Structure formats: C-alpha cells, structure tokens
**Student:** 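Once you've had a glance at the structure underneath, I'll fire off some questions.
Since the structure is predicted, the reported quantities are computational estimates derived from the model, not experimental observations.
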Amino acid sequence: MRLGADEVVLSNDPDAMKKHTASFDIILDTVSASHDLGAYMSMVKLDGTMVMVGLPDAPTPIHSFSFCIPRRSLAGSAIGGVGETQEMLNYCAEHNIVSDVEVIPIQKINEAFERIVKNDVKYRFVIDMATLKQT
C-alpha cells in the first residue's frame with residue numbers, strides 16, 4: 001500500500017481470489033516458479049490479458065477454457081533491449097513510479113550474496129558503482 005497499491009490480493013487466500021474473479025484488465029505475471037495460471041487467468045476480465053514475464057523452468061499447464069470461452073488473452077514477453085528499458089525508465093520518472101532497493105557498496109558484494117542465500121533480502125540489491133573507485 002505504501003508503494004501506491006489501492007488493494008492487495010493474497011494468492012493464498014481463496015476467498016480473496018474468488019472476490020476478484022473477472023476484475024482485472026491486465027495481470028502482469030512475474031513469477032518464475034511453476035504455479036497455477038488458471039487461478040490467475042480467472043481474475044482477468046472479458047477481453048483482458050495476462051502477460052507472463054516470469055519464465056518458469058518447466059512447462060506451465062493451462063486449460064484452454066480458462067481463456068477461450070471468456071475471451072481472455074495470454075501473452076508473454078522477454079526482457080526488452082536498451083531502448084525499451086530506457087523508455088520504461090523514462091515513463092517511471094515521468095509518473096513518479098519508484099521501487100524500494102537496498103544500495104550497497106561493491107565492497108559488500110560477498111555479504112549481499114550470503115544474504116541472498118539466506119533469503120534475507122527484502123528488496124533488490126543495487127550496487128553503488130561510485131564505490132568501484134574505492135577498491
């Protein structure tokens with residue numbers, strides 16, 4: 001909510017998921033682990049789209065009725081190139097869309113890696129490139 005969401009839907013809450021049946025114009029699926037696409041597809045409105053950008057390492061089954069009958073689309077996208085990335089950054093800057101990150105000096109890269117292994121990271125690490133000069 002602090003980052004600007006109007007509402008949060010917990011996917012492990014069946015009542016919350018059911019409450020949002022056919023309520024989203026678009027769902028951006030960033031999950032890179034295998035998961036039930038049908039559960040999320042049911043939340044997409046008529047003529048809406050679910051876009052997958054997370055790439056699970058195994059095939060992800062989905063029943064065709066979950067998108068054909070209610071006229072929903074399933075799309076995918078890989079990471080864009082430099083131009084698309086710059087366009088996205090410009091859009092975010094213009095609309096004050098920000099993310100929470102933990103900025104670290106390059107000297108703490110090993111500590112950061114250990115924290116990743118321990119699952120002790122709340123946000124992405126960003127390396128302060130100015131600290132390269134300090135090595």
Side-chain angles (χ1 to χ4, degrees):
M1 302 296 245
R2 181 179 59 77
L3 295 175
D6 295 321
E7 185 175 0
V8 174
V9 181
L10 298 177
S11 60
N12 62 356
D13 180 347
D15 292 333
M17 294 285 282
K18 186 171 183 153
K19 176 184 170 191
H20 289 282
T21 298
S23 65
F24 293 102
D25 294 310
I26 188 167
I27 292 179
L28 181 63
D29 185 337
T30 63
V31 179
S32 58
S34 294
H35 59 289
D36 180 10
L37 294 182
Y40 297 97
M41 187 61 87
S42 70
M43 298 170 71
V44 177
K45 287 182 180 178
L46 177 72
D47 292 327
T49 304
M50 183 164 78
V51 182
M52 295 187 65
V53 295
L55 302 174
D57 62 354
T60 308
I62 185 166
H63 198 285
S64 57
F65 282 103
S66 68
F67 57 92
C68 289
I69 301 300
R71 228 171 56 205
R72 299 172 179 135
S73 296
L74 177 62
S77 179
I79 295 172
V82 173
E84 288 137 335
T85 301
Q86 188 62 57
E87 182 180 344
M88 179 270 308
L89 291 171
N90 293 345
Y91 181 88
C92 290
E94 290 167 21
H95 295 90
N96 196 31
I97 299 170
V98 298
S99 61
D100 284 340
V101 297
E102 185 174 338
V103 180
I104 62 166
I106 191 68
Q107 294 79 5
K108 293 197 174 189
I109 193 71
N110 291 334
E111 179 184 319
F113 181 76
E114 289 172 15
R115 287 184 52 207
I116 290 169
V117 170
K118 292 177 185 173
N119 201 22
D120 179 35
V121 183
K122 189 168 185 180
Y123 307 108
R124 288 186 180 258
F125 284 120
V126 174
I127 300 168
D128 180 353
M129 298 306 284
T131 61
L132 281 172
K133 298 174 189 172
Q134 299 170 4
T135 57

**Student:** Are Val9 and Leu37 co-members of a hydrophobic cluster defined by side-chain heavy atoms under 4.5 Å apart?
**Tutor:** yes
**Student:** Which atom pair, heavy atoms only, marks the closest approach of Ala58 to Ser34?
**Tutor:** CB-OG, 4.0 Å
**Student:** If you measure from CG on Leu10 to CG on Asp15, what distance do you get to the nearest 0.5 Å?
**Tutor:** 11.5 Å
**Student:** By the definition side chain to side chain contact (heavy atoms under 4.5 Å, CB included), identify the one residue from Val117, Asn110, Ile109 that meets it with Phe113.
**Tutor:** Val117
**Student:** With rounding to the nearest 0.5 angstrom, report the OG to CG distance, Ser32 to Asp57.
**Tutor:** 8.5 Å
**Student:** Rounded to the nearest 0.5 Å, what separates atom NZ in Lys45 from atom CD1 in Ile27?
**Tutor:** 11.5 Å
**Student:** Are the side chains of Pro14 and Met17 in touch, meaning some heavy atoms are under 4.5 Å apart?
**Tutor:** no
**Student:** Working to the nearest 0.5 angstrom, can you tell me the gap between Asp36 CG and Met41 CE?
**Tutor:** 11.0 Å
**Student:** Is there a side-chain contact between Asp128 and Ile106 in this structure, where contact means two heavy atoms from C-beta onward sitting under 4.5 Å apart?
**Tutor:** no
**Student:** State the CZ-OH distance between Arg72 and Tyr40, to the nearest 0.5 angstrom.
**Tutor:** 15.0 Å
**Student:** Looking at Glu7 and Lys19, is there a salt bridge between them, counting it only when a charged N and a carboxylate O are closer than 4.0 Å?
**Tutor:** yes
**Student:** The test is side chain to side chain donor-acceptor pair (under 3.5 Å); show your working for Glu94 and Asn90 and say whether it passes.
**Tutor:** CA-CA 6 Å; Glu94 290 167 21; Asn90 293 345; 5.7 Å; no
**Student:** Kindly work out whether a path of hydrophobic side-chain contacts (I/L/V/M/F/W/Y, heavy atoms less than 4.5 Å apart) joins Ile97 to Leu89.
**Tutor:** no
**Student:** Taking Val53 as the starting point, is it possible to reach Ile26 by hopping between hydrophobic residues whose side chains are less than 4.5 Å apart?
**Tutor:** yes
**Student:** Quick one, Ile116 and Phe125 - any side-chain contact, counting heavy atoms below 4.5 Å?
**Tutor:** yes
**Student:** Same cluster for Leu74 and Phe24 if Ile/Leu/Val/Met/Phe/Trp/Tyr side chains link at under 4.5 Å?
**Tutor:** yes
**Student:** Find out whether Asp29 and His35 are in side-chain contact, i.e. whether some heavy atom of one side chain is under 4.5 Å from a heavy atom of the other.
**Tutor:** yes
**Student:** Just how far is it from atom CE of Met50 to atom OG of Ser42, taken to the nearest 0.5 Å?
**Tutor:** 9.5 Å
**Student:** Do Arg115 and Glu102 have side chains that get closer than 4.5 Å, going by heavy atoms?
**Tutor:** yes
